[in-house]
Chemist: 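Let me begin by handing over the structure; questions about it come next.
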Amino acid sequence: MGVIIALINKYYITTMNQIHSTLALAVTALLPASALAAQKKPNIIYIMCDDMGYGDLGCYGQPFIHTPHIDRMASQGMLFTQAYAGSPVSAPSRASMMTGQHTGHTEVRGNKEYWQGVPTMKYGNNDDFTLVGQHPYSADHVIVPEIMKDNGYATGMFGKWAGGYEGSVSTPDKRGVDEFYGYICQFQAHLYYPNFLNEFSRSRGDKEVRRVVLEENIRHPMFGKDYEKRSQYAADLIHRKAMDWIGKQTVGKPFFGILTYTLPHAELAQPNDSLLEKYKKQFFTDRTWGGQEASRYNPAIHTHAQFAAMVSRLDAYVGEVLALLKAKGLDDNTIVIFTSDNGPHEEGGADPTFFGRDGKLRGLKRQCYEGGIRVPFIVRWPGKVAAGVKNDHQLAFYDLMPTFCDLAGVKNYVKRYTNKRLKTDHFDGISFAPTLLNKGVQKLHDYLYWEFHETNQIAVRRGDWKLVVVHGQPRLYNLASDIHEDHDISKQHPDIVKQMVDIIKKEHVPSPLFKITLPEEDI
């Protein structure tokens, strides 16, 4: 049976590629030569999924989950083996990408919520919050979509925002995003069949982000056995909006799309279609999970099948994005990046141990060990980025801002976008465009830095040395010989520990909202 399925998949992929190639030639033939030559800036699509671990994809060694489109993307591009999220949890990791800052400098360093304690309102018979969202990005520090829009790009974002609450100084309409559809609030995103989503369209003349009520969903309760009667699946709705936006883009006007899909974050819920049925048969011995209403996680059965199908569903979305770019003749001038916001989770019934999801790395989401911050990272740009290459360059999310600027031809971004009112305005990233394009000299980080107040952890990586500070206590590892971070050798190397602690003292700027325990003065 496995051989038959493999042959069917091979036939399907080959046929679709032939169709897409034919469509691409037809579309390109209709475009004037001036339009094809006029656009010098590349288009950029940044796809960031939610809570996917380093080992959750076939191209990173996952044996159970079928991810043919992302695997093929890796074979057509560059796969990074030492790429790091900005943080081991959602909002600050996204902030690091958006601001070009590490979490010792960003305004947003944790999942500070603004829905807690506010009044509720009715959606059908369901109570939901009158205000949703997280702590906003600083209005005084530029973020990536603002830079791209300022430099001639059409900008769209589809998925999770998590960079401000409704009505705050930092919502997509105020931060350089032309088109937005998705969750303004990451807590709202715990429901895949929510009461509402958020939307903003500059082209339609919207003045601010608004709520879009999902009328079919609110006919049924948010929790309990009738929840499965809800029919408007947010992940699909968001993907369709992203596809519609990409479909409207044309050669001659560069575009920058941020697709922050929420899959495979909990809750473990999705349509009961053939994809899910396939994994139910594969995992005939499966688990159930009882739910957690306070976290908006409904009960789940077939948890292994649910998680695997969510990853494969995401893979199908990525495949459709790549196919559309090809069909529109935009493929050769579009950079596509795929990554995850942090390491794997064990929420909502997810079972990272079963899938071997740490990819031989220690730690999960919310931990500064490798498993919480090292993520899959793939870059595809036909004819520009070498195909089928594995690269061990060490990068972090705060490197994306300078890289996007390099690729888009934005010169001196630090000087241009530093806010003169601020005493300090940190930009921590180093462009890795030289690595992608194999041109020029690639500058390297002397060290990479993370801190996360919720678990009271700090981490510094310098070469192969890795320091993890937990509640003020430093632990030193040599990743070259101890990738799983099992052996604390801090006592054997006090000089290295001191050097790393000095880095922490240099990089940490105190935050009144996100307090962290620094290592003791005398180590």
Side-chain angles (χ1 to χ4, degrees), residues 1-6 8-10 12-13 47-74 79 159 189-193 228 233-236 238-239 261-292 297-321 338-361 364-365 371 375-376 378:
M1 180 63 71
V3 173
I4 294 173
I5 292 172
I8 292 172
N9 285 333
K10 183 177 180 181
Y12 171 78
I13 291 168
I47 304 173
M48 181 166 65
C49 68
D50 207 323
D51 289 3
M52 175 182 282
Y54 183 81
D56 280 343
L57 296 171
C59 53
Y60 280 88
Q62 174 55 234
F64 302 118
I65 304 173
H66 190 52
T67 54
H69 300 98
I70 298 174
D71 295 348
R72 189 166 65 254
M73 179 183 169
L79 181 152
H190 287 191
L191 286 174
Y192 276 98
Y193 295 92
E228 64 185 26
Y233 189 57
D236 278 347
I238 290 165
H239 176 59
Y261 292 123
T262 51
L263 297 170
H265 192 294
E267 63 180 344
L268 301 184
Q270 62 201 302
N272 189 25
D273 56 14
S274 59
L275 179 59
L276 179 57
E277 286 299 319
K278 168 183 176 286
Y279 282 110
K280 285 181 181 178
K281 293 175 182 177
Q282 180 176 333
F283 304 118
F284 57 90
T285 301
D286 210 335
R287 300 196 321 171
T288 62
W289 187 74
Q292 188 176 22
Y297 295 147
N298 274 278
I301 59 174
H302 304 292
T303 58
H304 296 156
Q306 287 282 0
F307 177 81
M310 291 170 84
V311 173
S312 286
R313 195 174 301 277
L314 171 69
D315 177 76
Y317 292 167
V318 174
E320 289 181 7
V321 169
F338 178 87
T339 190
S340 173
D341 65 343
N342 47 249
H345 71 93
E346 53 183 356
E347 299 165 4
D351 185 1
T353 301
F354 175 82
F355 287 100
R357 291 178 56 209
D358 65 0
K360 299 183 179 179
L361 305 177
L364 301 169
K365 176 181 178 180
V375 291
I378 301 165

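All values reported here derive from a predicted model rather than from experimental measurement. We count residues from 1, following the sequence as given.
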Chemist: Looking at every non-hydrogen atom in both residues, tell me the closest pair between A300 and L268 and how far apart they are.
Modeler: CB-O, 4.0 Å
Chemist: Once you round to the nearest 0.5 Å, how far does OG1 of T303 lie from CD of E267?
Modeler: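 The CD atom of E267 is 13.5 Å from OG1 of T303, to the nearest 0.5 Å.
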Chemist: Set out, in order, the CA-CA distance, both residues' side-chain angles and the distance that settles side-chain contact (heavy atoms from CB on, under 4.5 Å) for Y60 and I70, then state yes or no.
Modeler: CA-CA 10 Å; Y60 280 88; I70 298 174; over 6 Å; no
Chemist: Quick one: list whatever passes side chain to side chain contact (heavy atoms under 4.5 Å, CB included) with A235, sequence neighbours left out.
Modeler: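 Residues passing side chain to side chain contact (heavy atoms under 4.5 Å, CB included) with A235: Y192, Y233, L263, Y317.
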Chemist: Would you compute the distance between atom OG1 of T285 and atom CZ of F354 and round it to the nearest 0.5 angstrom?
Modeler: 8.5 Å
Chemist: For D286 and A305, indicate whether the former's side chain and the latter's backbone hold a donor-acceptor pair under 3.5 Å.
Modeler: yes
Chemist: Are Y261 and H239 close enough that a side-chain donor and a side-chain acceptor fall under 3.5 Å?
Modeler: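 A pair is found: one side chain offers a donor N or O, the other an acceptor, under 3.5 Å apart.
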Chemist: Do H265 and H190 make a side-chain contact, defined as non-hydrogen atoms from C-beta onward lying under 4.5 Å apart?
Modeler: yes
Chemist: When you measure from the side chain of T67 to the backbone of L57, do you find a donor-acceptor pair of N or O atoms at a distance under 3.5 Å?
Modeler: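 Not a single qualifying donor-acceptor pair exists.
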Chemist: Could you state the interatomic distance from CG (L191) to CG (N298), rounded to the nearest 0.5 Å?
Modeler: 6.5 Å
Chemist: Do the side chains of L314 and M52 get nearer than 4.5 Å, heavy atoms only?
Modeler: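 Side-chain contact under 4.5 Å: yes.
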Chemist: Run Y54 and K360 through side-chain contact (heavy atoms from CB on, under 4.5 Å) and show every step you take.
Modeler: CA-CA 9 Å; Y54 183 81; K360 299 183 179 179; over 6 Å; no
Chemist: Can you tell me how far apart CD (E228) and CG (N272) are? Round to the nearest 0.5 Å.
Modeler: 8.5 Å
Chemist: Using modelled atom types only, decide if a donor and an acceptor are shared between the side chain of S340 and the backbone of G53 within a distance under 3.5 Å.
Modeler: no
Chemist: Could you grab the distance from atom CG of D71 to atom CG of L79, nearest 0.5 Å is fine?
Modeler: 9.5 Å
Chemist: Residues in side chain to side chain donor-acceptor pair (under 3.5 Å) with E277, at least two apart?
Modeler: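 E277: side chain to side chain donor-acceptor pair (under 3.5 Å) contacts with K280.
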Chemist: Can you name the residues that form a ring-ring contact (aromatic ring centres under 6.0 Å, His included) with F338, not counting sequence neighbours?
Modeler: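 So F338 forms no ring-ring contact (aromatic ring centres under 6.0 Å, His included) with any residue.
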Chemist: Find out whether S312 and Y279 are in side-chain contact, i.e. whether some heavy atom of one side chain is under 4.5 Å from a heavy atom of the other.
Modeler: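 Sidechains of Y279 and S312: in contact.
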Chemist: Classify the ring geometry of F64 against F283: parallel below 30°, tilted from 30° to 60°, perpendicular beyond 60°.
Modeler: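 Answer is perpendicular, since the angle exceeds 60°.
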Chemist: By the salt bridge (Lys or Arg N to Asp or Glu O under 4.0 Å) test, which pairs, at least two apart or in different chains, include something from residues 303-316?
Modeler: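 Every salt bridge (Lys or Arg N to Asp or Glu O under 4.0 Å) pair that includes a residue of residues 303-316, provided the two are not neighbours, is D273-R313.
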Chemist: Mind checking side chain to side chain contact (heavy atoms under 4.5 Å, CB included) for A266 and listing every partner two or more places apart, or none if nothing turns up?
Modeler: Y297, H345, E347
Chemist: In Å, rounded to the nearest 0.5 Å, how long is the span from CD of Q282 to CD1 of I65?
Modeler: 8.5 Å
Chemist: Under the 3.5 angstrom rule, does the side chain of D51 hit a backbone N or O of D341 as a donor-acceptor pair?
Modeler: no
Chemist: Can you sort out the partners of H302 under side chain to side chain donor-acceptor pair (under 3.5 Å), two or more places apart, ordered by chain and number?
Modeler: none
Chemist: Would you call P271 and L276 a side-chain contact if the rule is heavy atoms closer than 4.5 Å?
Modeler: no
